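Below is a structure I'd like to ask you about.
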Amino acid sequence: MTPKLRSIRTEIDKIDEELVRLLAARVDAIRAIGACKKDDKDAAILDAPRERAVAEAWAKEAEARGVSSYFVGRVLREILNWSRRDQEAALGRAAEAAPKRLRIAFQGTSGSYSELTIRKLFQIRCPGEEVTRLGRHTFKDAMAALLEGDADYALLPVENTIAGTINEVYSLLAEHPVTVVDEEAWEVEHVLAGLPGASLEQIRTVRSQAVALQQCHRFLNDLGCVAEAAADTAAAAHELKAEGDPTVAALCSEEAARDLGLDVLKRGISDQQVNLTRFILIGHKPEPFDDRLPARTSILLSVNHRHGALARCMQELADRGCNLSKLESRPLPEAPWEYLFYMDIEGRADQGPLSEALEAMRPLTNRLQILGTYPRRVGVANDAVPVTTPRKAEEEMVHAAPPAAPVCKPNPNLKNVARKDETRTVVRVGPVEFGSSRFVLIAGPCAVESRQQIFDAASMVKDRGAAMLRGGAFKPRTSPYSFQGLGHEGVEIMQEAGRAYEIPIVTEVVRPEDVDEVAARADMLQVGARNMQNFGLLSKLGTVQRPVLLKRGMSATIEELLLAAEYIMAGGNRRVVLCERGIRTFETSTRNTLDVSAIPVLKDRTHLPIIADPSHAAGRKDLVIPLALAAAAAGADGVIVECHPRPEEALCDKEQALVGDDLDRLVQRLRPILESQQRHMNVEGPNESDDGGPCFNGF
Ligand code: PEP
Ligand code: MN
């Protein structure tokens, strides 16, 4: 190392030390505020205007210092999330807090995801307290440690976003007099770890827990190694370390690799983008927590044999507006064809509407057991959620263009797509909502051209307020000699950029056989105008767990667009967003003609969200903003526009590509229109999710 490099590194070390010192000072200040709030029962925990003001001040300061405001904003978001959780935890801690020197039982060895989650949860529940983590061989053994008094709590996983429910843990809860007192989520990110100095090419055997091996199936297949099952991910890492064979690698957490001094050979190797596990903390008795904190209650019940008993139970919840976030059934071994139901419901078992609902449910059940009420720390995964827009808001939303009278007879074939009442579907892509009072801006280049181009584009659109990144990896070009796109490699680049900049991505798919692979990486799949009637593709998209952006064909009627959406919905996929992108007319001064009237007509005919693509409609950069404004005024739920970090280098559609300043202008001019309709831009404020988990991908 050169002396110069050494001196810069010394400087960095000093800065890092200072950063940690400042973070610690900030945490102290936050705790002082938390203490004030604890005494003042009217004080809200989340002060959104204050958080927004802090974010704006940081962004301004960052810009003045020539640092990316996106990067700084991301750091701030982590700090605010932690601060909020720390305050909530302070409120949650009862005065007669748990005994000193806590002992927590879990299944696995040190470095396993359960153990990491204990570290995360207890730093929040009781910072500074000494916590002993007791690894046990099985879930049952961990529960036994709690029951026999060897542990104060047991932390066990109950569900994983890929593998599903862990039934054994539910059975243990049903069988023993214990209670759920808390919950926590861990984002599972497997890495491939090898001995120090080992290289990826050397690896012949990969070892891990069976589920983890499955979750990285595609990567392991490409690597062409033998997979060997181990008791858990951390145990695989321990074995590797003990054996010292450089041709063996372990799939484990980055933390386990680091603790054991192993090298990380590869990151980002899971087939699925998001892999979250929810854990529950089990104790002996309920623990009170502050009324201002969001709560969740877990119950189990079995219904008596009367017809419709379960439906009546659910009705009691629905009638009181109690939100059910999980329902799971388990067979009762002692009574064939009878089932136990596990439910997670938002609210408290001993207060308010949930307490009333539970009382009303009791006579309908053979057994109703409250497993616990605890602070809700883990967000609820959302799907297409129909919401009823109040009539007044609806009228205001489209006041610039009153709903048109039906233009043609209702088509009985639009079974899923037709609007039947005031209910509108909100399609969620992570934190992004299509069809609510938020207006979605999607921006990005026409095509994925290179890694650098997409990363620059992601940074640009994120900084300028877009909610999603677009970019075509498969380009259906009119001429076979035009650039056809980078294919799956391009999708991978989009995925990486989406992760790096925490922005959901949408990309086009043109062949049914590519759908599964693209769906594994993209947050939303686009059907382009040229494929609107590719029925094989539409049917395939009906079977995937990803929302679809369906563009209107350039010569398709509105009826044909709706029928194309019906193909997708008939297959079971209800998350469809329609897109008006201009149609072919006799006019030649624009590439196509944006059919603005299609927006209110579609709003009248379907409950699905509708966005507009002014870029492909205009084909000219100077018309993109005016057409986007027209679409917003007509009631569109968002726009998708093309932009490029360096339009002069664009490999396709360079004439219509906006630059960063154009995006700023677009957002600025959209604002008053949206305000007049009581709507707002999708990305306002630093952080709208309350769970501290990843904000998109796979939800
Ligand atoms: C695109 O969005 O990249 C595209 C090709 O648009 P369209 O299918 O509307 O022509
Ligand atoms: Mn294009």
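In this text, all values refer to a predicted model and were calculated from it rather than measured experimentally. Just follow the structure's listing: the first ligand is 1, and inside any ligand the first atom is 1. Only this structure's heavy atoms are used, side chains among them; waters, hydrogens and symmetry mates stay out.
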To the nearest 0.5 Å, what is the distance between OG (Ser450) and CG (Asp456)?
7.5 Å
Mind checking whether Asp613 has an N or O less than 3.5 Å away from an N or O of ligand 1?
no
Check this for me - ligand 1, Ala529, N or O atoms closer than 3.5 angstrom, yes or no?
yes
On a heavy-atom basis, I'd like to know which of Met532, Lys551, Glu508 is closest to atom 2 (O) of ligand 1.
Lys551
Just need the protein heavy atom nearest to atom 4 (C) of ligand 1, so name the residue and atom and give the distance.
His616 NE2, 3.5 Å
For Gly528, the ligand 1 atoms whose distance to one of its heavy atoms is below 4.0 Å:
8 (O)
Using heavy atoms and a threshold below 4.0 Å, how should the contact between Arg470 and ligand 1 be classified: side chain, backbone, both, or neither?
side chain
So, Cys652 and the Mn ion (ligand 2): N/O/S under 2.8 Å, yes or no?
no
For Arg581, the ligand 1 atoms whose distance to one of its heavy atoms is below 4.0 Å
7 (P), 9 (O), 10 (O)
Arg499 to Tyr501 six-membered ring, cation-pi geometry met (6.0 Å, 45°):
no
Lys475: numbered ligand 1 atoms lying under 4.0 Å from its heavy atoms
1 (C), 3 (O), 5 (C)
Nearest non-hydrogen partners of Ala447 and Lys475, listed with the distance
CB-CD, 3.8 Å
Would you give the length of the straight line joining atom CE of Met460 to atom CG of Asp664, rounded to the nearest 0.5 angstrom?
10.0 Å
Less than 4.0 Å between a side-chain N and a carboxylate O, is that true for Arg470 and Glu508?
no
If you look at Asp653, which of its N/O/S atoms is nearest to the Mn ion (ligand 2)?
OD2
Nearest N/O/S atom of Glu642 with respect to the Mn ion (ligand 2), by atom name, please.
OE2
Compare every heavy atom of Arg218 with every heavy atom of Ala520, then report the nearest pair and how far apart it is.
CB-NH1, 3.7 Å
Show the atoms of ligand 1 that are less than 4.0 angstrom away from any heavy atom in Gln526.
1 (C), 2 (O)
Is it the case that Glu187 and Asn275 place a side-chain donor and acceptor less than 3.5 Å from each other?
no
Taking all non-hydrogen atoms of both residues, which atom of Met468 and which atom of Val506 are closest, and how far apart?
CE-CB, 3.9 Å
